[in-house]
Amino acid sequence: MRRVVITGQGSINALGRTADETLASMREGRSGIGDLDFPDIERLSIPIGGQIRGYRPDEHFSRQELTLYDPFCQFALLAAREAMAQSGLVIGAGLAERAGVVLGTSGGGLQTQDENYRLVYQEGKNRVHPFVVPRLMNSSAAAHVSMAWNLQGPSYTVATACASSNHAMGQAMMLIRGGLADVVLTGGSESMLCFGGIKAWEGLRVMSRDGCRPFSLNRNGMVQGEGAAVFVFEELDHARARGAEILAEVIGFAMTSDATDIVTPNQDGAERAMRGALRDAGLAPEAIGYINAHGTGTAVNDRTECAAVRAVFGAHADDLLISSTKSMHGHLIGGTGAVELFACVMAVREGVIAPTINHDEPDPECGLDVVPNVARERAVAVAMSNAFAFGGMNAVLIVRRFE
Amino acid sequence: MSDAVKESVRDKVVAILAEQAGLEPAAVLPDASLAGLGIDSLGLVETIFAIEEAFDLQVPFNANDPKDSEFDISTVDTMVRAVESLIAAKG
């Protein structure tokens, strides 16, 4: 079977402007969550989020580009730029048709929609900018990435709410495994931190007003983030032939559907996804040293996920480490799995396990080693990344240290 | 329409085209075509939008077939005259 490795990674999110800055923040257990800053914030009851501070689009893109790029698209392009630079890939004529892009997002160009609804409904304008449609399309980020690097193979967007990135990266892996492509840029992007974006989430009453505390007894909900992470997935022989540095190997993927409820997670669906990924990787549960949890910080997610981990891993659940980095970067919704894959790559590559910060007191119903508050050094060969989305759409990836 | 008003219309249209083309207004000559200025189809749609915003007009322009539109986009000069007649028609 064709093997898939990671040869580049890039990001912009509340923890850093690059992948390395993000990893440094994860090692330090630094929080990127703070007071939100955007128009009409005073009309929201949720004042916090993992917002990218001091971001100036005009430092990265021309005026003409910015007329076409919603923030979620800008973030994806910045992350892809970094990942492509690290990979050292040159997309020549031969490779172009064998290269593609699969990105996850949930809201797509939500800020573009929000701003233009404001113009026509609130301000009574009867004319909107001609590029509203190409900006708001949730496929626009993938499209612009394909144009920026002349990726002429398969390009598409995957939208499965909070699992979008994991589904996207799983699709990328399968495209390469199945021989449809040799290189796929993949990950996800989200920019829901605007009035309409948060107002909608307020309605569900699952958001915390004071912090993201996954697995801690005093948790009270999720906190949103924004940004993107993009990886270069590459067929192993292709990467070897050009002497690329390999960051990790992607060895397992599975997706399941709860098929039960539009918001409440189901333990069986989560278990089947984790078991499926192990089966795909050809591994026993004992091989997993670290799990990056979905870990949203809602009572129902955390308890269901911990119970599912215990059911799948049995006694080994007490040996493995599990953490939720959402405590630091917030929940990037359709981009979250991509940012969280950094923690898995860091675990297998550097032997550093990112912590679950804001962990004030253990929840007896979780009862796993959630790496509270401080990063831990542990040599880990294989790591799993969970995403259990609204809609009961689950996607689990497994990465292994490449030697 | 007075000469002063006409001059101001021309200046505004030229300024819009110059911004789209990334040129100085002085480089936007009356007989230049959009293609000659380096303005592509997306740039044209944005130009039409900017004209509508600047003069508070509805420009009869269909991007499906620009040549078939009442709004003549052949050159800078035809566009200026088209804007003038739209303003005159508005009264």
Side-chain angles (χ1 to χ4, degrees), chain A residues 39 56-74 76-77 80 101 108-109 111-152 155 157, chain B residues 9 12-28 32-73 76 79 82-83 85-87 89-91:
Chain A
R56 290 270 312 274
D58 58 358
E59 290 173 359
H60 308 284
F61 301 104
S62 71
R63 188 196 70 87
Q64 198 58 35
E65 287 172 326
L66 287 172
T67 63
L68 285 163
Y69 300 168
D70 181 273
F72 98 103
C73 176
Q74 298 169 33
L77 281 162
V101 48
Q111 294 204 24
T112 297
Q113 300 199 38
D114 197 49
E115 284 162 17
N116 286 282
Y117 282 146
R118 187 194 299 269
L119 285 178
V120 294
Y121 292 143
Q122 184 175 332
E123 297 178 17
K125 286 197 64 164
N126 285 322
R127 187 182 296 127
V128 295
H129 190 277
F131 302 165
V132 170
V133 168
R135 270 178 71 107
L136 67 77
M137 306 191 302
N138 71 3
S139 52
S140 65
H144 284 296
V145 169
S146 79
M147 288 180 251
W149 286 278
N150 190 31
L151 313 173
Q152 298 181 5
S155 293
T157 294
Chain B
V9 168
K12 276 194 200 170
V13 173
V14 165
I16 287 167
L17 289 166
E19 199 193 343
Q20 271 303 321
L23 297 170
E24 288 301 315
V28 178
S33 68
L34 291 174
L37 295 171
I39 296 176
D40 63 8
S41 62
L42 277 183
L44 170 58
V45 175
E46 230 191 339
T47 301
I48 300 286
F49 170 73
I51 288 171
E52 290 185 325
E53 288 284 284
F55 299 101
D56 193 21
L57 290 172
Q58 289 287 346
V59 174
F61 172 78
N62 186 339
N64 287 310
D65 189 358
K67 289 192 191 71
D68 195 35
S69 299
E70 295 164 46
F71 193 80
D72 187 349
I73 56 158
V76 173
M79 289 181 74
V83 172
S85 48
L86 285 171
I87 294 170
K90 213 174 111 186

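From a predicted model like this one, the values you see are computed outputs, not experimental measurements. In the text below, chain A, chain B and the rest are named by the order of the sequence lines, each starting its count at 1. Only heavy atoms go into these numbers, but all of them, side chains included; no hydrogens, no water, no symmetry mates.
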Query - Contact class of L42(B) relative to chain A, heavy atoms under 4.5 angstrom - result: both

**Report entry** Short side-chain to backbone donor-acceptor contact, R127(A) and D56(B), under 3.5 Å
**Finding:** no

Has [X] got more than 12 heavy atoms of other residues, nucleotides or ligands less than 6.0 Å from its [atom1]?
| X | atom1 | answer |
| --- | --- | --- |
| Q152(A) | CD | yes |
| E24(B) | CD | no |
| R63(A) | CZ | yes |
| N126(A) | CG | no |

Report task. Could you have a look at Q58(B), Q20(B), E53(B) and say which one has the most heavy-atom pairs with chain A under 4.5 angstrom? Result -> E53(B)

Report summary line: Within residues 131-151 of chain A, contacts to chain B at heavy-atom distances under 4.5 Å involve F131(A)

